[in-house]
Protein chains: 2
Amino acid sequence: MKPTIKDVAKLANVSISTVSRVMNSPDSVVESKKVRVLDAIDKLKYKPNALARGLIYKKTNTIGVIIPDIRNPYYADIIRGMEDASKKLGYSLIICNTDRDKKRLFSYLNNFYEKQIDGILYTSDPVFPDYYHELQRLRMPIVLVSTHSMEYDLPSVKINDEQAAYDAVKFLIDSGHRKIGMIAFELTDGIAGWTRYHGFVRALREHDLEECKDNVVFVEGWTYETPDAAASTLLSKCPDLSAVFTVSDELAIGLLCYLNEQGIKVPEQISVIGFDNIRLAKLTVPKLTTVAQPTYEIGYRSVEKLNAIIEQQEDPVLREYLPHEVIERASTRRLNR
Amino acid sequence: MKPTIKDVAKLANVSISTVSRVMNSPDSVVESKKVRVLDAIDKLKYKPNALARGLIYKKTNTIGVIIPDIRNPYYADIIRGMEDASKKLGYSLIICNTDRDKKRLFSYLNNFYEKQIDGILYTSDPVFPDYYHELQRLRMPIVLVSTHSMEYDLPSVKINDEQAAYDAVKFLIDSGHRKIGMIAFELTDGIAGWTRYHGFVRALREHDLEECKDNVVFVEGWTYETPDAAASTLLSKCPDLSAVFTVSDELAIGLLCYLNEQGIKVPEQISVIGFDNIRLAKLTVPKLTTVAQPTYEIGYRSVEKLNAIIEQQEDPVLREYLPHEVIERASTRRLNR
DNA sequence: TACCAATATGGTACCGCTTACATAAATCGG
DNA sequence: CCGATTTATGTAAGCGGTACCATATTGGTA
């Protein structure tokens, strides 16, 4: 049986409140007793029971993280950032993978509530009305990570997806490309779908390339198993593309794979730019040009933000946007000069 | 404030014990009251406090997971397997990333202890003596995942790494390769280093190819940033290799990248076989031949095993080995016939 | 209708800890 | 050296539940 505060008190021959004081306000207990208590704690290897403490303080120092698909390497650095910030602020993370299944999500939220978690980090997915109402019902502090909500006043941290997509496409245009295609997420995806497509179109329009705006194939959700299919559809629809903007690195890698099988050279015949800058992007053949999200920072910042809310420090900015960056590698070619 | 059992009791006009009974042994309470209680629960959206329950039951239905490097895609499916099994058995997972830092590890173990976690899943890393003693001290059920210990009697689930490496190399040999190299983890890594190198050597010896056994470059830990360096060292040391066995898919992808830069064709000039079968292995250029670990099953099984230990169901097999499989894709060539 | 067994319900101690309150010990000036 | 004030320690209530035990209620039988 694990030693309790009683065992320590008995061994040190003091009352349990004295033991408690030694741990929480050591200055208020006289030196001689403090030593005895500390000795006993050490001898018994006593550690306070976080359940009992949590019951009193109404704080568990635990944060629940909702992730739609943990297999997506995009989350790796987000989680690391969250981890590091949590460690700094004294939280642990409960990470839950929903597979984008509403039942699973709700069951996890329920579990969070019962476990008296201090706050929720909700990543990537849009906040649908029923999700929102459930969240409201639970009244738990929440921060949206790599997603946000325009309908509801929920705090969030992410990049500016529209601008990032714009910058990616503008990079291609500035490199001299005029026949540009896109592999996009469905428009119903308000976070990474509609916004990135919108950025694509805006860049085209501003450079009088509006005829390209239908060179798009939409993939459903984050379907991963068939990126070749998307690539093949796009290429047969628009055979004369000189560059493709792909809305995730994983899709870009699928495209690279498909082009290679078709004997189409990258970047000589077609340039490819991805999105996310996952760890493997620098090891593809050829190395992938992409727009980098500050994933680690997004994770880190989201925990800080959640903490501020938990501690009731009024946070000035509701929706935060972190800077992105185009990383040029070898999968894109500059046609001019 | 969250509603408590008292609020429910008051609203339903019964005692708290009756409410408790409705939740735990509903048959023992008369229909009319049960309905009233259920109504009150519903009206107040009451959910029992898991902290209070945990205090009594001495069970939190929470499992702590220790992962050395969450960025490694190898863990993605392990975690999914763990998740699914946890869901089935009613646990939640607290996932912690140690970055292979002893201080972090110990701090997490400590946190697990305080949070009264039911058991630990310890992945990948060897169990050093001081780790073992710490684990002993904490007396928490533990299962080693993708690692095991010959010194200590700790339950584990993993593949047979020696045999898997043997099979990978034998696959190359059976394909007609005679000049085989290896990119290995250091021998001090008793799990994925020494064993896989041993499997490599055994395959060579059994096929009279012992002269190849020095065609090896060892990479330190899971260093990821410089797989090109390892590739370059190996190739300059042994320029006439026809096949390379690489001890992880990420290293294989790095090798692919390096060979491409050098203008060396895969698999025409050099065949490459990886290890792990991560999700991206089927999207490399060319698609990667590799030995597949049943990662999802390893994760799933490890939770089942841990649960058996927690529930004191004596588990017959201490060290479990799950089957692996060579997956032939396009990065290897058959020289014979 | 009275009596007893079976069943339903309420009261309460307790899980491990914190904290307000009461009490005992220590400190101090006059 | 004593009474007042400060400081240290113990006692007990309570956080939100469960479970044991003791009543209260019910129902069947004589």
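What's counted below: heavy atoms across the whole structure, side chains too, no hydrogens, waters or symmetry copies. A note on names: the letters A, B, ... follow the listed sequences, proteins ahead of strands, and every chain is numbered from 1. Being a predicted model, the structure only gives us computed values, none of them experimental.
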Subject >> Donor-acceptor pair between S124(A) and Y74(A) side chains, under 3.5 angstrom >> reply: no
Original post:
Taking five pairs at each end, how big is the angle between the two axes of the helix from dT1(C)-dA30(D) to dG30(C)-dC1(D), to 10°?
Top reply: 50°
Original post:
Are OP1 or OP2 of dC15(D) and a side-chain N or O of K6(B) less than 4.0 angstrom apart?
Top reply: yes
Subject >> Distance-only side-chain donor-acceptor flag, K59(A) / N61(A), under 3.5 Å >> reply: yes
Original post:
Does dC17(C) have OP1 or OP2 sitting under 4.0 Å from an N or O in the side chain of Y46(A)?
Top reply: yes
**OP:** To the nearest Å, give me how far apart CG (D7(B)) and P (dG16(D)) are.
**Re:** 8 Å
**OP:** Would you kindly give the NZ-to-P distance between K115(B) and dG16(C), to the nearest whole Å?
**Re:** 19 Å
Original post:
L55(A) CG to dG17(D) P: how many Å, rounded?
Top reply: 8 Å
Original post:
Given atom CG of N49(A) and atom P of dC17(C), what is their separation to the nearest angstrom?
Top reply: 5 Å
Original post:
What's the NZ-C1' distance between K58(B) and dC14(C), to the nearest Å?
Top reply: 10 Å
Original post:
For the pair made of OH in Y113(B) and P in dG16(C), what is the distance, rounded to whole Å?
Top reply: 11 Å
Original post:
Expressed in angstrom and rounded to an integer, what is the separation of I5(B) atom CD1 from dC15(C) atom P?
Top reply: 18 Å
Original post:
Which listed nucleotide (dG17(D), dC17(C), dT18(C)) is nearest to the side chain of I56(B)?
Top reply: dG17(D)
Original post:
When every nucleotide of nucleotides 5-11 of chain D is labelled 5' to 3' by its protein contacts under 4.0 Å (heavy atoms), B for base, S for sugar-phosphate only, - for none, what sequence of letters results?
Top reply: ---SBBB
Original post:
Starting at CD of E114(A) and ending at P of dT18(D), how long is that distance when rounded to a whole Å?
Top reply: 11 Å
